[in-house]
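One structure below.
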Amino acid sequence: MMSCRQVTEVIASDRLVDAPWRRRLTVRLHLLMCQHCRRYAAQLVSIRAATRRLLRQDPGPSKDLEEAVLGLCRDADDKPDDVDREP
Amino acid sequence: MSTDPKSSPADFSDPEFPARVRARDPGALQDVARAYLRQVFRAARGAGLPSQQAEDVVQATFTTFIETAPRFEGRSHVRTWLFGILYRKIAETRRAGDRDRRMDAIDEVVESRFNAAGSWSRPPEPTESLLHGRQVLEQIKGCLESAPSPQRMAFVLREVEGLETAEICEILAVTHTNLGVMLYRVRNRLRECLEAQGVRSTS
């Protein structure tokens, strides 16, 4: 048996995907029986959707930045090698 | 994968591609910039940088990308390489105190919701109406601000860019276990934060 605490931990830390099928089944059965954990899981899904909406609404990079970066790439041949520096 | 289809016609799996990057072929570098500028910028915003600062950090990221291009071996995807540079740039702009800590205040909050047997002692409150309301985006923004930057970055790469956990581990230079803890903390933090606001607005 898994406790609610363990079920929420497996779900929220994204460890369910790699878990053995027996564990995945245990989590599924737990969710069928436990409305609290079901609500918890549904809330995480809603938070993901809302965060996506939030960041996709962001205006994004300015035209100036785009031109500056493309300019850096265009002039890249002239740059001296700097292979020793950590990125 | 969540690359914008219209902005990434370039084929980064072409076996010639890493050599073109190493040679700083302007065409190859521009393909990378066109394909990933928007995503890199969005990740910088998601990690909590204001627009102007995000622009500066993104420009610095591409500068370093070009400087270090001769060392690109193509073992990682070019996107992983680029996000890794971005992550280190963001970490440089933060004070040491803002680093991810072993102890995190959210752990105690989560702990307090369960009894000794691990069952809910304070189950999740309904937030469904809240999450579909119009103010929720502003609230998520506010709640995200309370999370340390590495947690936010992990969250944004996973939830918004939809990257695999293995790639995020490489970008952030953490183990799978560490990434699991970061995601667990940031999701609980957001959930607790939104729940607290929901309870307040209905009472």
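Quick note on labels: first sequence line is chain A, next is B, and so on, each numbered from 1. Values in this document were obtained by computation on a predicted structure and should not be read as measured data.
- With hydrogens and angles ignored, the 3.5 Å screen pairs a side-chain donor or acceptor of B/Gln30 with a backbone N or O of A/Leu70.
- Between chain B and the residues A/Ser62, A/Pro61, A/Ala68, A/Ser13, the largest count of heavy-atom pairs under 4.5 Å involves A/Pro61.
- Taking the side chain as every heavy atom from C-beta outward, B/Arg187 and B/Arg158 approach each other to under 4.5 Å.
- For the pair B/Val109 and B/Arg113, the tightest heavy-atom approach, listed with the atom from each and the gap, is O-CG, 3.4 Å.
- Proximity to chain B (any heavy atom under 4.5 Å) is shown, for A/Asp14, by both the backbone and the side chain.
- Residue with the most contacts toward chain A among B/Leu29, B/Leu190, B/Thr61, B/Asn115: B/Leu29 (heavy-atom pairs, distance under 4.5 Å).
- Proximity to chain B is limited to the side chain of A/Gln57, based on heavy atoms less than 4.5 angstrom apart.
- Formation of a donor-acceptor pair under 3.5 Å by the A/Gln6 side chain with backbone atoms of A/Ser3 is found in this model.
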**OP:** Please test B/Val78 against B/Tyr36 for side-chain contact (heavy atoms from CB on, under 4.5 Å), starting from the C-alpha separation and ending with a verdict.
**Re:** CA-CA 10 Å; B/Val78 68; B/Tyr36 295 117; 4.0 Å; yes
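- A distance below 2.5 Å between sulfur gamma atoms is not met by A/Cys37 and A/Cys4.
- With a 4.5 angstrom heavy-atom cutoff, B/Val40 does not touch chain A via any of its atoms.
- Of all the listed residues (B/Phe65, B/Trp120, B/Phe62), the one sharing the greatest number of non-hydrogen pairs under 4.5 Å with chain A is B/Trp120.
- For B/Phe41, the part lying under 4.5 angstrom from a heavy atom of chain A is the side chain only.
- Between chain A and the residues B/Ala117, B/Ala69, B/Gly180, B/Ala44, the largest count of heavy-atom pairs under 4.5 Å involves B/Gly180.
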